[in-house]
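Reading through the structure tokens given below for one structure.
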Amino acid sequence: MNTIEKFDKHVMHSYGRYPLVMQKGEGQQCTDENGKTYIDFGSGVGVNSLGFCDEKWADAVCEQVRTVQHTSNYYYTAVQAEFAEKLCNISGYDSVFFGNSGAEANECAIKIARKYSFDKYGRNRYNIITLVNSFHGRTIATLSATGQDTFHNYFFPFLEGFVNVTANDIDDLKSKLDDTVCAVMLEYIQGEGGVNALNQDFVNAVFELCAEKDVLVIADEIQTGAGRTGKFLAGEIFGKKADITTMAKGIAGGIPIGACLTTEKCSGVLTAGTHGSTFGGNPIACAGGIAVIDRLESNGFLDSVSEKAEIYRKVLSECSEVVSVSGIGLMIGIELKTKKATDVARKAFDKGLLVLTAKTKIRLLPPLTISKEEIEDGLKILIDILEE
């Protein structure tokens, strides 16, 4: 029985998988068990921010594995303290709760927002506004928060307490931001929803209206955070700092982690026993996170992300099959004229290039460390497919 047969026999079929058995990865390329090499323009859906098996990152993780791999959160570890300090310093937040995924980070944010409102205003102020076309996770609560009907199936009943507003529609926001609302939750760039950035005017309105009513703003930066847009957080590009920001994906370079960051306003909301996570703040994940932040803070690194993004946008904008290029930084959506994104992704895979899709678009989330030569090589494959 080969690897794929063994896998399919024992692992639930909850993903549509490509027939690739990844054997080894190095830098921005990986090799399958037959020796075929692929350029990775997806980085594990934005997780391998430093590419495959970055040397300094791997050294830090391996050193931690041989020191302490896990301890209960009833105790302290120096590595979690150091990572928390670095993460709060680079993000400008005051405190953090660690979990294991983006969905967990968003669950934490939902609980903080509702408890903050309960503590100040009582139990009838619990609704959270989310945006149409948003995506916040696959747990029951985060699916309920997700503003896409396609996800609201099978798992009934979904949770009450979520109200959808059309993205960039200020009038719709005003009409629904009533006295039952405790928070507005948004993605500055809707990733799964098609790599679409919000309008600055709409973002401004969210923050202004919420400030007037003491309604919290939650920024879901699961996909946009950790340097993906050329800034540590996408909120910096919009000139806004949410009361709560959630992170995951690339922040630990490939090890499961979620982080829910809060300003001083919300730092004391969670008290002993009101939330928890067995593996949250795992020492190995924190060691990976420290290595990622050290790289992001290195001289010129985030500037290089923006420079590389311009290469993608310039080449793609000159392709006859490309209608538009959306997103910010190395978070790129490609709207196609006639071809189907899923067909293009399959052909790219056959030719040794890994890309993603988001609705009808090709989506690119390459490692932040990708070289200009690898960008050019991968784009040549992609452009040849698009123009054939």
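Positions are given from 1 along the sequence.
- Hydrophobic clustering of Ile, Leu, Val, Met, Phe, Trp and Tyr side chains at less than 4.5 Å, counting indirect connections, unites Leu233 with Ile257.
- Atom CG of Asn299 is surrounded by 12 or fewer heavy atoms from other residues, nucleotides or ligands within 6.0 Å.
- When side chains are defined from C-beta on, Leu173 counts as touching Phe202, because their heavy atoms get closer than 4.5 Å.
- Residues passing the side-chain contact (heavy atoms from CB on, under 4.5 Å) test with Asn89, sequence neighbours excluded: Glu85.
- Between Val96 and Ala259, the shortest heavy-atom contact is CG2-CB, 3.9 Å.
- With a 6.0 Å radius and a threshold of 12 heavy atoms from other residues, nucleotides or ligands, Glu388 has its CD atom above the threshold.
- Side chain of Gln29 to main chain of Thr37: no donor-acceptor pair is present (N/O by atom type, distance under 3.5 Å, no hydrogens or angles).
- Between the side chain of Glu5 and the backbone N or O of Asn2, at least one donor-acceptor pair lies under 3.5 Å.
- The environment of Arg138 atom CZ is sparse: at most 12 non-hydrogen atoms of other residues, nucleotides or ligands sit within 6.0 angstrom.
- A donor-acceptor pair under 3.5 Å is formed between the side chain of Ser134 and the backbone N or O of Gly147.
- Remark: side-chain polar atoms of Asn106 are paired, donor with acceptor, to backbone N or O of His136 under 3.5 angstrom.
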Report task. Take Glu307 and Ser304 through the test side chain to side chain donor-acceptor pair (under 3.5 Å) and record every step on the way to the result. Result -> CA-CA 5 Å; Glu307 291 166 5; Ser304 76; 5.8 Å; no
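- Inter-residue side-chain proximity for Ile251 and Leu87 is flagged as met; some heavy-atom pair is nearer than 4.5 Å.
- Side-chain contact between Phe232 and Glu221: absent, with no pair of heavy atoms (C-beta onward) separated by less than 4.5 Å.
- For the side-chain hydrogen bond (donor to acceptor under 3.5 Å, both in side chains) test, no residue two or more places apart in sequence or in another chain qualifies with Thr229.
- A donor-acceptor pair under 3.5 Å links the side-chain atoms of Lys115 to the main chain of Val269, judged by distance alone.
- Residues Gln223 and Arg228 have side chains not in contact (no heavy-atom distance under 4.5 Å, counting atoms from C-beta outward).
- Salt bridge Asp294/Lys86: present, at least one basic N to carboxylate O contact under 4.0 Å.
- Placement of Tyr121 and Val215 in two distinct hydrophobic clusters is found when ILVMFWY residues are connected by side-chain heavy-atom separations under 4.5 Å, directly or transitively.
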Counting only pairs under 3.5 Å, give me each side-chain donor-acceptor contact of residues 351-360, with atom names and distances, residues two or more places apart or in other chains.
| residue | atom | partner | partner atom | Å |
| --- | --- | --- | --- | --- |
| Lys359 | NZ | Gln148 | OE1 | 3.0 |

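- Using modelled atom types, no side-chain atom of Asn199 and backbone atom of Asp201 make a donor-acceptor pair closer than 3.5 Å.
- Heavy atoms of other residues, nucleotides or ligands lying less than 6.0 angstrom from CD of Glu387 number more than 12.
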Under 3.5 Å, which donor-acceptor pairs do the side chains of residues 44-62 form with other protein atoms, sequence neighbours left out?
| residue | atom | partner | partner atom | Å |
| --- | --- | --- | --- | --- |
| Ser49 | OG | Gly250 | O | 2.8 |
| Asp54 | OD1 | Arg295 | NH1 | 3.3 |
| Asp54 | OD1 | Arg295 | NH2 | 3.0 |
| Asp54 | OD2 | Lys56 | N | 3.3 |
| Asp54 | OD2 | Trp57 | N | 3.0 |
| Asp54 | OD2 | Arg295 | NH2 | 2.8 |
| Trp57 | NE1 | Ala252 | O | 2.9 |

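- Glu335 is linked by a side-chain contact (heavy atoms from CB on, under 4.5 Å) to Val323, Ser324, Lys361, counting only residues two or more places apart in sequence or in another chain.
- At least one cation-pi condition fails for Lys241 and Phe207: the charged atom is not both under 6.0 angstrom from the six-membered ring centre and inside a 45 degree cone around its axis.
- Aromatic ring centres of Phe41 and Tyr312: separated by under 6.0 Å.
- Taking the six-membered ring where tryptophan is involved, the planes of Phe349 and Tyr18 are tilted, since the angle between them lies from 30° to 60°.
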Name the atoms and distances for all side-chain donor-acceptor pairs under 3.5 Å in residues 272-291, with sequence neighbours left out.
| residue | atom | partner | partner atom | Å |
| --- | --- | --- | --- | --- |
| Thr274 | OG1 | Thr271 | N | 2.9 |
| Thr274 | OG1 | Thr271 | O | 2.6 |
| His275 | ND1 | Lys111 | NZ | 2.9 |
| Ser277 | OG | Asn100 | ND2 | 3.2 |
| Ser277 | OG | Gly280 | N | 3.0 |
| Asn282 | OD1 | Ile284 | N | 2.9 |
| Asn282 | OD1 | Ala285 | N | 3.3 |
| Asn282 | ND2 | Gln69 | O | 2.9 |

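- Using a 4.5 Å cut-off on side-chain heavy atoms (C-beta onward), Asp214 and Lys265 make contact.
- Asp243 and Tyr116 are not linked by any side-chain donor-acceptor pair at a separation below 3.5 angstrom, with hydrogens and angles left out of the test.
- Evaluation of the side-chain contact (heavy atoms from CB on, under 4.5 Å) rule for Ser95 yields Thr262, Ser267 as partners, not counting sequence neighbours.
- For Lys347 and Asp384, the salt-bridge test fails: no basic side-chain N is under 4.0 Å from an acidic carboxylate O.
- Not counting sequence neighbours, Lys337 has no partner by the side-chain hydrogen bond (donor to acceptor under 3.5 Å, both in side chains) test.
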Report task. Show your working on side chain to side chain donor-acceptor pair (under 3.5 Å) between Glu321 and Thr338 and close with a plain yes or no. Result -> CA-CA 7 Å; Glu321 173 62 19; Thr338 60; 3.0 Å; yes
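- Partners of Asp179 under the side-chain hydrogen bond (donor to acceptor under 3.5 Å, both in side chains) rule, at least two apart in sequence or in another chain, do not exist in this structure.
- Taking a 4.5 Å side-chain heavy-atom cut-off between Ile, Leu, Val, Met, Phe, Trp and Tyr, the cluster of Tyr126 contains only that residue.
- Residues Thr166 and Asn133 fail the side-chain proximity criterion, which asks for heavy atoms closer than 4.5 Å.
- Scored by the side-chain hydrogen bond (donor to acceptor under 3.5 Å, both in side chains) test, Ser306 finds no partners at all (sequence neighbours excluded).
- Formation of a donor-acceptor pair under 3.5 Å by the Glu374 side chain with backbone atoms of Ser371 is found in this model.
- Cluster note: Phe7 groups with Val11 through ILVMFWY side-chain heavy atoms spaced under 4.5 Å, whether in direct contact or through intervening members.
- A heavy-atom distance below 4.5 Å is found between the side chains of Leu296 and Leu302.
- In Glu33, the CD atom is crowded: over 12 heavy atoms of neighbouring residues, nucleotides or ligands sit closer than 6.0 Å.
- In this structure, Glu376 does not pair ionically with Lys372, as no charged nitrogen and carboxylate oxygen lie closer than 4.0 Å.
- The closest side-chain donor-acceptor pair between Gln28 and Thr369 falls under 3.5 angstrom.
- Checking side-chain atoms of Lys308 against main-chain N and O of Leu368 turns up a donor-acceptor pair under 3.5 Å.
- Of the possible donor and acceptor atoms, one in the side chain of Thr130 sits under 3.5 Å from a partner among the backbone N and O of Ala145.
- Judged by distance alone, with hydrogens and angles left aside, the side-chain atoms of Lys339 form a donor-acceptor pair with the main-chain N or O of Leu386 at under 3.5 Å.
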